[in-house]
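First the proteins, then the strands, lettered A, B, ... as listed; each starts at 1.
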Amino acid sequence: MSPRSDIPLHASQLTKVYQTGEVAVHALRQVDLDLYAGELVVLLGPSGSGKSTLLNILGGLDQPSSGEVWFYEQNLTTANQRQLTRFRRDHVGFVFQFYNLIPSLTARENVDLVTEIVKDPMNSAAALELVGLGNRVDHFPAQLSGGEQQRVAIARAIAKKPAILLCDEPTGALDSVTGILVLEAIDRVNRELGTTTAVITHNTIIGQMADRVLQMTDGRIADEARNTQRLEPSQMQW
Amino acid sequence: MQALNRKLWRDLWRLRGQILATAIVMASGLAVLINSLSTITSLQESSQAYYERYRFADVFAQVTRAPLYVLQRVAELPGVQSVSDRIAKVALLDVPDFPEPVMARLVSVPEHGQPVLNRLALLSGRWISSGHDSEVIVSQAFAKAHGLVPGDHFSAIINGTRKQLDIVGLALSPEFVYVLGPGALVPDDQRFGIIWMGRSALSAAYDQQGAFNDLSLSLMRNASADNVITALDSILAPYGAIGAVARKDQLSNWFLMNEIEQLESMSTILPAIFLLVAAFLIQMVMRRMIATERSEIGLLKAFGYSDWQVAWHYLKLVLLISLAGIVLGSLTGIWLGRFSTQMYSEFFRFPVLLYRPNTAAFAIGAGISVSAALGGAWGAVRQAALLPPAEAMRPPSPPVYRRGRLADSRMGQWLDQPSRLIIRHLMRWPARTGLTTLGIALSVALAVMSLQWNDALMHLAEVSFYQAQRQHAVLGLNEPRSTRVLAEVSRLPGVLASEPMRIVSADLSAGNRRHRGGIQALPSDASLQPVYDINLGPLRVPADGLVLGSLLAEKLGVRIGGTVHVEILSGRRPVFDIPVVAVVDTYVGMPAYMNLTAFNRRMQQRPVTEYINILLDPAATEPLLGKLKAVPTLASVTLKQAAVDSFHATINESMLIYMFIFSMFAGALAFGVIYTSMRITLMERGRELSTLRVMGFRRAEIAYVLLGEAGLLLLAALPLGLVLGYALVVLIAAAFETELFRVPVFIENSSYAYAGLIALAAGVCSAMIIRWRLNRLDLIKVLKTRA
C-alpha cells in the first residue's frame, strides 16, 4: 500500500516485538489501519492486546519493528527522533489516563505550554471554554477534580489544532459521571474542529460514541465495526 | 532482611551519581581534616621528640659581653636547671661561586663535644677537633643550598678579619628548625646559614675570652619562665642584655608553633563547611528517596517490618554513603598529609619528619563524618519510620503550588511557561532553594579563599618590598658607627644614595602592658626606608615622639597623645617616657619608629648608625657585591631582590599547589551541590519533562527547564559566594593574625572571577551529565504511570 494525501494516518503491516530478557513479546502482529480525516475511532481490547503500543507508534512515540506508518505523505517509520518530535509538536495531541498536567502551572498556563511552541494555535481561553472550563482557568491542578484535570489535558491537547488527537484510557481513572463529561469534551472537539480522534479504552460502552470501533486481541485487529449512528456521550451509561 | 539488603545494593547502584557526588564533598572535608590533624601530629611529635632529645633550651638571652662568673649567679636562680653559655655573632661569608655576600650566624660549641643545651644532630662528617680553629660544622640546609660537603672550604669575615673555614660536618639544631635571616619574610638557605665553630676560636676572634654573649637555660618542671626571665634580666642588665625570651618567643619555635596553630584553625573552619554541605546533600537525597519509596515503605510495614527495621534500612544507606566518603577522604587525606609533611620538611628542618597518619585523626574524621551524615538524614529517616502503613500506600498528596509574586507580576506576564515552571518550582521549596544556593555560594567562597592566598601574599610582598622599602640593600655594621660612614659608603662604586637607620632593642610599656621589641630610628626625610602606612603610604618621620604600628598600639593600649615608657636595652640603656605622635597600619611586625636625631639624643650618643640603606645602580651591582664581601666592618648585607626572589620561589613551590588542591576541593563542592540538586529535580520532574517531550518539546527545550533552574541557582549563588568569600578571608586572616605578621585581606578581581568560573565549570560538568540522562528519558512509561 502507498501513502495517500487524503488519509491522515495510514499504517500497514505493523509489527512490534519487545525483547524482555530471553522472552520476545509480540505486541503487534501485522496490523493494517487507516484513520480517516475527521473520524472518531475507538480501540477496544483487554490489557496487553497491543492498543497502547499501536497508539504510541501512531503518535510518533515509538517505532515499529517492521511495517510502515504514514502521516499523509510523510513516512514516520524512516523519521529520526528530531523529525518525530516535530511531528508530535505540530500535528498530534495526546491525552493520558493520568492527565499528566504540570502541577506548578495553572489550567491556562498548562494550555499555554503548548500554544507557545506551535504556529497558529487556538486561544488558550477558548480551548478551555471548549471543554467547559472557562471559569476554572486560573486554578492549579491540585485545585481541580480528576474530571476537570482531564478536561484541561484535552484543552491542552487540542489547543494546537492538531490533525490527530490520541487518547489513551482518558476515563480510566475517573468515575462514570466525570468520565462522561470528559468524553463529551472529546466528542465536541471531534465534531466542532474535525480533529481525527483515536480513543483507547477497555470500556466497550464507549465504542457507541465512535464512527468506527476496532477490537484488538493479541496484537491484531480482530474485529472492525462501523456504527450507523454515533451516540452522544450523555446517552451512554455504565 | 536478605531481600531488603539486595534492595539496598540496587538502590546504591541506582543512586550512584548522587552518592558519589555527596561522598566527594564529604571526602574533601575529611581530607582537609585528616591532613591538618595528621600534619599537626607529625609536627608536634617530631618537635617534641627533637626538643627533648637534643635538649632545646627554655630561655634564651643575649648580652654584649658578660664574664663567666656571672653564670654561677644565673645557675643559682630558683627554677633554673642547667645553663649553657656560648658566643654567637652574625658574620658575612664569602662562598665560592656565589656572587653575593652571604650572612651566617656563628654559634660556638665546645671543642670536646656537645653543648649542655641545644645539642646538634650531626648528620654527616664529624665534630670539630680542638686545636683546629678553622674547623666548622654547618647547617645542613645551607650546605645543601650551596652544594657544600665536609671537606669543602669557604671564607668568612670574622670581626673584620677574613678567615678560611673548613667544613668537617653537617648538622641540624632544635634552635634552628625554622631559619629566618634578617629582613627576610621566608627562609632563604642560600643567603643565610648557621655555622658552629669552636668556642676558643670564636672567643678569640670576638675578644670574648673568659666571657660569653649568649646564654641558654633549661628550667625545672613547674618553674615559671617569666619569673626566671625577670631575675635573669636584672643579673645580665649591666652586660648589655637585650632581654631574655622564653622558648615560646624563640623565633624558630614561634614559627613552628604558629604553623601548628594555623593548621588547627584550618582543621576546624574548612572541614566544617564541607561536612555541613554534605549533611545537607544527604538530607536532600534521603528525602527524595523516601518520597519515591513511600508505597514500598507502606508495604514493608504492612508485611510486619517494624519502624526501627525500616529506619535501619535507610540508615544503612546513609552509613554506606559515609563509608564511601570516609574511604575516599582518608585516601586523599593520606596523600595530602604525605605531601604536606614533605613540604613542611623543606621549611622546618627536623632530623626526621615522618608522616604518621595517626588513627586518632581517622577516628575523629570518620566520627564527625558519620555524625554529619546521620544528622542530615535524621529528619527524612524519622519520617519514613513514623509513616503509618495505610497512609504510606496512598500516593502522597500532590504539592500545592501558588501563584507567586514573581511569576505573576507585570514582568512575570512576559515569562514563557517553561520559565514559569522553573520559578514556581524554586519558590515552592524556598528552604531547599536557599540551602542549595548557600551550598554553591560556599564553594565559591572557598575558591575565593584559596585563590586569594596568592593575591594576599603578592600584595604583602608588593607593599613590604617595594612600597614600604625603596632601598636595594641594607648594610649592617658590626657596631654603631658615626654617621660619617655614610660618606664612605656613598663613594663606593654603584651606590646612588644612602641613608642611616638604627634598630635598637627596647622594652616598651604603658601602664601594666609591656612589649619587648625594638625602636627603628630613621632620618626625618627618610625615603629609602620610610615610615609606611598600608593605607596612607610613606609618612614623614616626626621630629620627636614615637610612631607605633597599630598592632603594637593596641597591645600597649595607647593612642595618639598617650605616653609610652621606653627602656633601651643597649648602650647606656637610657629609660625615658615619650609621647605617641602617630599610629600606622602595617602587615609585618610591630614597629615603633623614632626620628634618628631625636633618638641619638635620647641615647646620649653622637650621631651614629648601625644600618645603612642604599640604592644601587643595577649595572654596577655585581662588582659592588664582590667588593662588599671583603669590607671588614660589615656584619650583614641584605639584598632586597634576593628576599623578593626567595619569597616568590617559596610561594611557587608551596602555595600554588595548595591553591590548586583547594580550588579542586571548591570545584568538588560546587559539583556535589549542583549535581545532586539537578539529579533530584530530575527525579522529581522526570514525569513532567517526559510529558513535555511527548507533547512535542525538543530535548533542548526540556533541558532548559532543568538546566535553567540550576543556572538560576548558580546565578544567585555567585554574588552571595563572592561576599561569603570575602567574609571567609577576613575570618581566616583574623585567625592567622600574629604579632609578627598579618595576612592582608586583599583579593584581586581576577580571583573573584576565577572562583566564579570554578563554580560555573562544576555547573557545566553537572549539566553535561544531566543532559545525557535527559536524553534517555523513557517517554512511554510516563504515560502509563500515576504521578
message = Check this for me, if you would: do A:Asp90 and A:Lys160 make a salt bridge, where the nitrogen-to-carboxylate-oxygen distance has to be below 4.0 angstrom?
response = no
key: Considering all heavy atoms, the nearest A:Thr195-A:Pro162 contact   = CG2-O, 3.4 Å
cation_pi(B:Arg10, B:Trp13) dist<6.0 Å, angle<=45 = no
Side chain, backbone, both or neither of [X] within contact of chain B (heavy atoms, under 4.5 Å):
X	answer
A:Gln81	side chain
A:Asn56	side chain
A:Leu105	both

remark   = Cut-off 4.5 Å, heavy atoms of chain A, and the answer for B:Arg693 is both
remark   = Applying a strict 4.5 Å limit to non-hydrogen atoms, the region of B:Leu421 in contact with chain A is both
key: Interatomic distance, A:Ile102 atom CD1 to B:Leu689 atom CG [nearest 0.5 angstrom]   = 7.5 Å
task = Assess whether atom CH2 of B:Trp429 is packed by more than 12 heavy atoms of other residues, nucleotides or ligands within 6.0 Å.
result = yes
task = Flag the one option from A:Val114, A:Leu113, A:Thr85 with the top tally of heavy-atom pairs under 4.5 Å to chain B.
result = A:Leu113
